[in-house]
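Please read the structure below before turning to the comments.
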Amino acid sequence: MRVLFAGTPAVAVPSLDALVEAGFDVVAVLTRPDAPVGRKRVLTPSPVAARAAELGIEVIHAAKVDSEVTARIAATEPDVAAIVAYGGLIPRPALEVPRYGWINLHFSLLPAWRGAAPVQRSVIAGDDVTGAVTFLLEEGLDTGPVFGTLTEAVRPDDTAGTLLERLSHSGAVLLTQTLSAVDAGKAAAVPQQGDVSLAPKLTLEDGRLDWRQPALAIGRRARGVTPEPGAWTTLDGQRVKLEPVLLRPQAPALQPGRLALDGKSVLVGTGSHPVELSRIQPSGKKMMTAADWARGQATLESVVFE
């Protein structure tokens, strides 16, 4: 079976590797163009592009699937296209190229969390269970019928990053199984059922912690935006980056945003009970432990996060 693989970030690489290891003929990879990375903004291939180059697979770089890109896809004569976090819409002319269509690995239990940030939104919402599905891609936003499903428990200390890492590997197995079933003529897609929720791409503002909210909601948000775009607050008008916080329900109450020491722990008040800071990165400095940062504050009790 000839497969076109579409994907961009690191979480898509396990699926590409799985398809190659399973013996599928991956005829080309569609990925986003090279992007600036780091402080020096060096143009860098996507993780999928880099892996495809190592595997000797043709790479099609495209920010948009237009008529020219569609023609390049058609020239590879794929039987099916497998797509994992490509990062762009696939228009109808391209959808119609492979005879078995485009099969998408999506990291949620559709129709829950349709969109670009399903894992992040699931963690922020406090879901106990999430998962991944393979479905037939349509022009609508993640609306197509589902081939296969897997579930994954959300652990209390999961960040979006750790949860997505696990799903990227289990999802790669699911994608390979789905394509094998399609190749054998044994695949059956069923319409999505259940309540629809949306998972739009996270913005920087999504990472801002509102200390007036309950500690549980703050903890979920901090984990849901880690590693990207990252949790943050402001201090004296400057943005301060934070790693996930710890819940401290037994600690003495503090006003929202107020800081205090409890032994070596740095606590912040919320709308319910305090939370404990783990690591903090003040503006213009490196990430450090909260305890190290606190030692540099003349009077911690006078510090207020906004």
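Heavy-atom basis, side chains included; hydrogens, waters and symmetry copies ignored. Remember, it's a predicted structure, so these values are computed and weren't measured experimentally.
- Atom CD of E306 has more than 12 heavy atoms from other residues, nucleotides or ligands within 6.0 Å.
- Taking 4.0 Å as the cut-off between side-chain N and carboxylate O, D17 and R51 count as a salt-bridged pair.
- With hydrogens and angles left out, the side-chain atoms of T159 and T226 include no donor and acceptor closer than 3.5 Å.
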Salt bridge (Lys or Arg N to Asp or Glu O under 4.0 Å) assessment of R155 paired with D157: CA-CA 5 Å; R155 300 170 186 171; D157 61 346; 6.0 Å; no
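- Side-chain contact between T149 and F147 is absent, with no heavy-atom pair separated by less than 4.5 Å.
- At most 12 heavy atoms of other shown residues, nucleotides or ligands fall within 6.0 angstrom of atom CD in Q193.
- Under the 4.5 Å side-chain contact rule for hydrophobic residues, F135 and I90 share a cluster.
- Between S46 and T31, the side chains place a donor N or O and an acceptor N or O closer than 3.5 Å (distance only, hydrogens not considered).
- The shortest side-chain heavy-atom distance between I57 and V20 falls under the 4.5 Å cut-off.
- The backbone N or O of P118 sits nowhere less than 3.5 Å from a side-chain atom of S122 that would complete a donor-acceptor pair.
- Residue pairs satisfying the side-chain hydrogen bond (donor to acceptor under 3.5 Å, both in side chains) criterion with at least one member in residues 60-79, sequence neighbours excluded, are listed as follows: D79-R99.
- Separation of atoms NE2 (H106) and CH2 (W113) is listed at 10.5 Å; rounding is to 0.5 Å.
- Looking only at atom types and distance, the side chain of D206 has a donor-acceptor partner in the side chain of T203 under 3.5 Å away.
- Contact check for V268 versus V245: no side-chain heavy atoms found under the 4.5 Å cut-off.
- Counting only heavy atoms from C-beta outward, the side chains of L259 and F305 approach each other to under 4.5 Å.
- A side-chain donor-acceptor contact under 3.5 Å links E276 and S265.
- Other residues, nucleotides and ligands place more than 12 heavy atoms under 6.0 Å from the CG atom of L55.
- Side-chain contact check for L105 versus S15: some heavy-atom pair is nearer than 4.5 Å.
- Without hydrogens or angle criteria, R32 side chain to G87 main chain gives a donor-acceptor distance under 3.5 Å.
- Remark: the R220 side chain and the Q213 side chain contain no N/O donor-acceptor pair separated by less than 3.5 Å.
- I103 has its side chain within reach of L175: a pair of non-hydrogen atoms, C-beta onward, lies under 4.5 Å apart.
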Side chain to side chain contact (heavy atoms under 4.5 Å, CB included) between L16 and V26, worked out: CA-CA 8 Å; L16 174 59; V26 181; 4.1 Å; yes
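- Side chains of T176 and L19 form a contact here, defined as non-hydrogen atoms less than 4.5 Å apart.
- Within the model, atoms CG of L30 and OG1 of T8 stand 7.5 Å from one another, a figure rounded to the nearest 0.5 Å.
- Residues R121 and L198 are not in side-chain contact: their nearest non-hydrogen atoms beyond the backbone lie 4.5 Å or more apart.
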Full working for salt bridge (Lys or Arg N to Asp or Glu O under 4.0 Å) between D158 and R166: CA-CA 10 Å; D158 262 331; R166 294 203 305 277; 2.7 Å; yes
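- V123 and V275 fall into different hydrophobic clusters, where Ile, Leu, Val, Met, Phe, Trp and Tyr residues are linked whenever their side-chain heavy atoms come under 4.5 Å apart, directly or through other members.
- Rounding to the nearest 0.5 Å places CH2 of W293 at 10.0 Å from NZ of K285.
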E138 and T143: CA distance, side-chain angles, deciding distance, side chain to side chain donor-acceptor pair (under 3.5 Å) verdict: CA-CA 7 Å; E138 300 176 339; T143 57; 2.9 Å; yes
